[in-house]
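Just below is one structure, and these are the notes that go with it.
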Amino acid sequence: MPSESAPTLTVTFIRHGESTDNLQNVWAGWKDAPLSNHGMNQARALGQSLAKTRFAAIYASPLKRALWTGQAVQEAQPNPMPPLEISPLLREQHWGVAEGHAWSWQSTAGLSLEEHFANGIYPVLLERWQKFPEGESLDDLYRRAQQAIKELVMPHVWRAAREGKKGVHIAIASHGLCISELVPALVVKDESGVHPGDKYRGLHNTAWTRVTVDVKGAKEGEPLNFAESDPPKLQVRVTDVNRHEHLANVTRQKGGIGRAGYDPKQRDIRAFFGGGKPQGTAAPEVEEGRSESNARDEANVDIH
């Protein structure tokens with residue numbers, strides 16, 4: 001039985017394992033690249049590290065890299081395994097016409113953004129409202145994250161309070177930028193209503209970030225009665241950010257096997273969006289859990 005001090009709900013946000021697109025400097029949002037073999041090993045290590053954390057439910061983006069990561073967590077859970085629900089609300093930011101194209105650190109002087117796009121150049125966009133044609137801005141992504149919190153997370157909070165339960169725990173397997181908007185969308189539910197800002201970027205592959213939600217006045221075994229129009233106040237806290245200790249013993253296979261796409265049929269073959277600019281064609285040596293990927297998730301890119 002959960003202790004009286006346990007929060008009503010704990011949410012563990014999980015970034016997917018390394019994908020084959022994470023190994024390239026391309027805009028990879030809705031483009032459905034699989035996990036690399038190394039990424040699958042990362043996901044399995046994550047699942048084992050969370051095997052004793054009992055999840056009531058797991059939610060995952062439908063994109064392979066996040067879905068397979070969520071499934072690895074589910075498969076490591078004790079029986080009866082928690083249900084896994086797929087939600088398109090958890091997809092990565094959509095890059096529109098830039099999907100699959102190389103990103104550029106610098107814009108060309110004298111060219112408008114539209115002229116860059118027309119020439120097949122897709123530079124880093126530094127304003128939250130900016131987006132590529134047919135794509136999403138960060139502001140769009142935040143609105144989608146708000147909807148995800150409303151539909152996937154808050155029902156667990158209110159149900160637990162009405163049933164007099166504490167210590168409920170769910171997991172959400174998603175993507176770096178989506179998680180960076182999901183966390184604030186939940187934190188702002190705190191009674192203070194304060195948005196925490198852009199603090200939660202730069203996650204390692206399969207790193208997890210944890211948020212607790214406590215219904216004020218809720219006690220284990222004592223159901224709360226309240227109207228939908230007048231819910232109790234919440235205390236929301238971020239307790240862990242970018243936890244990736246499970247990667248300590250995960251090493252990349254030699255000979256290019258680790259970088260190859262994971263094939264679920266080949267069971268015997270076992271980023272932080274953070275690398276620097278690629279140099280040449282050789283694969284760079286990067287810190288475990290970090291890989292080349294979307295420039296927008298770089299820790300040192302200032303997005304206003």
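Salt-bridge check for Glu222 with Lys166: failed, with every basic side-chain N at 4.0 Å or more from each acidic carboxylate O. The pair Glu191-Lys216 meets the salt-bridge criterion, since a charged nitrogen lies less than 4.0 angstrom from a carboxylate oxygen. Of the charged side-chain nitrogens involved, none lies within less than 4.0 Å of a carboxylate oxygen, so that Lys233 and Asp190 do not count as a salt-bridged pair.
For the pair Asp214 (side chain) and Thr8 (backbone), a donor-acceptor distance under 3.5 Å is present. At distances below 3.5 Å, not a single donor-acceptor pair connects side-chain atoms of Gln48 with backbone N or O atoms of Ala76.
Shown here are the ring-ring contact (aromatic ring centres under 6.0 Å, His included) partners of His116, two or more places apart in sequence or in another chain: there are none.
In this structure, His101 has its ring center no closer than 6.0 Å to that of Trp27.
Defined by atom type and a distance below 3.5 Å, a donor-acceptor pair is present between the side-chain atoms of Glu151 and Gln147. Between the side chains of Thr206 and His244, no donor N or O sits under 3.5 Å from an acceptor N or O.
A cation-pi arrangement is absent between Arg65 and Trp68, since the terminal nitrogen or guanidinium carbon is not both under 6.0 Å from the aromatic centre and inside a 45° cone about the axis.
No single ILVMFWY cluster, assembled from side-chain heavy atoms under 4.5 Å apart, contains both Trp95 and Leu89.
Nearest heavy-atom pair, Gly29 versus Glu99, reported as atom, atom and distance to 0.1 Å: N-OE1, 3.0 Å.
Note that the OG atom of Ser174 and the CZ atom of Arg91 stand 11.0 Å from one another [nearest 0.5 Å].
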